[in-house]
There are 2 protein chains.
Amino acid sequence: MLDLAILGLLQEREFHGYEIRKRLRDDLGLFANISFGSLYPALARLEAAGAVVSSELPGPGRRSAEPVPATGSLGGELAAFRSRRDGTPRGTKRARKVYRITDLGRKQFEELLASDEPAGTDDARSFGLRLAFARHLAPPARLGLLERRRAQLAGRLAADRARVEAGSAFDSYTRSLVEHSTETTEHDISWLDRLIESERLEQQQQQQTGPVVRPDDTRPRRRDGEDHTVKGTVP
Amino acid sequence: MLDLAILGLLQEREFHGYEIRKRLRDDLGLFANISFGSLYPALARLEAAGAVVSSELPGPGRRSAEPVPATGSLGGELAAFRSRRDGTPRGTKRARKVYRITDLGRKQFEELLASDEPAGTDDARSFGLRLAFARHLAPPARLGLLERRRAQLAGRLAADRARVEAGSAFDSYTRSLVEHSTETTEHDISWLDRLIESERLEQQQQQQTGPVVRPDDTRPRRRDGEDHTVKGTVP
DNA sequence: AGGATGATATATCAACTCGATATATCGACG
DNA sequence: CGTCGATATATCGAGTTGATATATCATCCT
């Protein structure tokens, strides 16, 4: 799961670990707080598998000028020694390891994105993650993703409603919880329906006006000018 | 987290492992699918800690003469043994281990329920679980639970909105995802507000009409006839 | 009758995630 | 001038997950 997120981010450009965490937390909101205890092992994993390569950056700060801060003698002897050795203008922070995706990594990303990895699981995060990277999917696979999720939610809604029906055994708190869950699922489904509809529309137009898209073409396509909008809050 | 769920269920009556899983999956819907790899270790943990005790039942199914005397005590065991002796066709399943909560377990349950265990985490499940057991909380603690959750969600909403604002860098899929997340958070907050309001109202009435409730009284109270309703969908 | 499937029931394992903690550097604030 | 908070990497224990193994019984299919 994390692998997919990391590879997806690295698709865009190079990142170092701390940055990846920030992006996942601040931009997407999924993975509210990824722990470093997951992130760094995941990066090591991916590097061992040849999906990414890392390179050490000693510390290229924004401040290009080097005021040569006289070696803070009290600090760690080892660190002082190392920084003196490599002669870099240690202007900034600590040394970072930046990770870059490889061709193999790109291939693995496509596979992860297409399959429903945490199989069968009704996991909102795994869907959200895939949707955030949906631009890297071929249009048919995109529709498939949306429809699989819709089916999942439909199943959940059925279960929710069954609970509401048989809910006479619940106290008012539990009842309210179950009812709220039902409403949320309904809201999710109507959102998905809008997504699916606009996706269908766009794909039809694409077929009529644009060139024919090979059904097995999974390479990312950049159509930056366009905007197959989905917005529009429910009235 | 699981410990709380298990102890809460066992509050009601005895259960065996498989049954606990079913209840958590079917009734509440939280913990969509608890794995046995979590459940059985958790039960072993709780038993080692003295929070529960287990007893082996060779296998009294529903098809036995006496439909499981819900005495919750040794009576069930004995009856099962007798029914096997007197030629009943051993009608039942595999031997089960039923778990019963102890006084110590009840104490641990109160503590777990009151504290916000997975501390600081914006975890919907841990809140849902506590709400499902809210009847075991003293009224002030109940309000505290709701208000802590409200504060969490308010923070989340702020983050969501910040993402929507700065969202020009997103493609339409990600944008739609973030917008939907915002709407969901808003919905959650308005639900919580209704819960809080009705809880406040009820507690005021309780103070005026009913007997004085000792603030440290955390024992479960059963007021089965009443209904401090929260229902009422948003117009 | 027999055979496959699926529900009931307990248990274990590798892989993964999380929260806490340790280490180190740097800017800012009082 | 020391402490706080942000940047940055790394590791550890504990807990969760999904898969798998074992076993018994019921039910459906042939």
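Numbered from 1 within each chain, the chains take letters A, B, ... in sequence-line order. None of the values given here were measured: they were computed from a predicted structure.
In this entry the distance linking CG of B/D123 with C1' of C/dG19 reads 13 Å, nearest Å. One atom, CG of A/D3, and another, C1' of C/dC16, lie 10 Å apart when rounded to the nearest Å. With rounding to whole Å, B/R96 atom CZ is found 14 Å from C/dA11 atom P. Distance NZ (B/K97) to C1' (D/dA23): 16 Å, rounded to an integer number of Å. Nucleotide D/dT16 holds its C1' atom 10 Å from the CD1 atom of B/I34, rounded to whole Å. Here D/dG15 presents its C1' atom at 12 Å from CD1 of B/I6, a figure rounded to the nearest Å. For the pair B/E56 CD and D/dA23 C1', the computed distance is 14 Å after rounding to whole Å.
Residue A/L2 has its side chain nearest to C/dT17 when only D/dT17, C/dT17, D/dT9 are considered.
Sorted by residue number, the members of residues 39-47 of chain A with any non-hydrogen atom under 4.0 Å from DNA chain C read A/R45. For the segment residues 15-28 of chain A, the set of residues with a heavy atom within less than 4.0 Å of an atom of DNA chain D comprises A/H16, A/G17, A/Y18, A/K22, in numerical order.
With sequence neighbours left out, B/E147 forms a salt bridge (charged side-chain N to carboxylate O under 4.0 Å, His left out) with B/R200. Under the rule for a ring-ring contact (aromatic ring centres under 6.0 Å, His included), the partners of A/Y18 that lie at least two apart in sequence or sit in another chain are A/F36. Remark: A/R21 pairs with no residue by the salt bridge (charged side-chain N to carboxylate O under 4.0 Å, His left out) rule, at least two apart or across chains. Partners of B/T185 by side-chain hydrogen bond (donor to acceptor under 3.5 Å, both in side chains), not counting sequence neighbours, listed by chain and number: B/D160. Checked against salt bridge (charged side-chain N to carboxylate O under 4.0 Å, His left out), B/R125 has no partners two or more places apart in sequence or in another chain. Under the ring-ring contact (aromatic ring centres under 6.0 Å, His included) criterion, A/F133 pairs with A/F109, sequence neighbours left out. Shown here are the salt bridge (charged side-chain N to carboxylate O under 4.0 Å, His left out) partners of B/R106, two or more places apart in sequence or in another chain: B/D103.
Between A/S38 and B/R125, the residue whose closest nucleotide on DNA chain D is further toward the 5' end is A/S38.
Each end of the helix from C/dA1-D/dT30 to C/dG30-D/dC1 gets its own axis from five base pairs, and the two axes differ in direction by 30°, given to 10 degrees.
Judged by distance alone, with hydrogens and angles left aside, the side-chain atoms of B/R163 form no donor-acceptor pair with the main-chain N or O of B/V178 at under 3.5 Å.
Sorted by first then second residue, the salt bridge (charged side-chain N to carboxylate O under 4.0 Å, His left out) pairs that include residues 33-51 of chain A, not counting sequence neighbours, are A/D3-A/R45. Listed by first then second residue, pairs satisfying side-chain hydrogen bond (donor to acceptor under 3.5 Å, both in side chains) with a partner in residues 31-40 of chain B read B/R25-B/N33, not counting sequence neighbours.
Distances shown here put every side-chain N or O of A/S35 at or beyond 4.0 Å from the OP1 or OP2 atom of C/dT17.
At a threshold of 4.5 Å between non-hydrogen side-chain atoms, the residues A/L146 and A/R150 do not count as touching.
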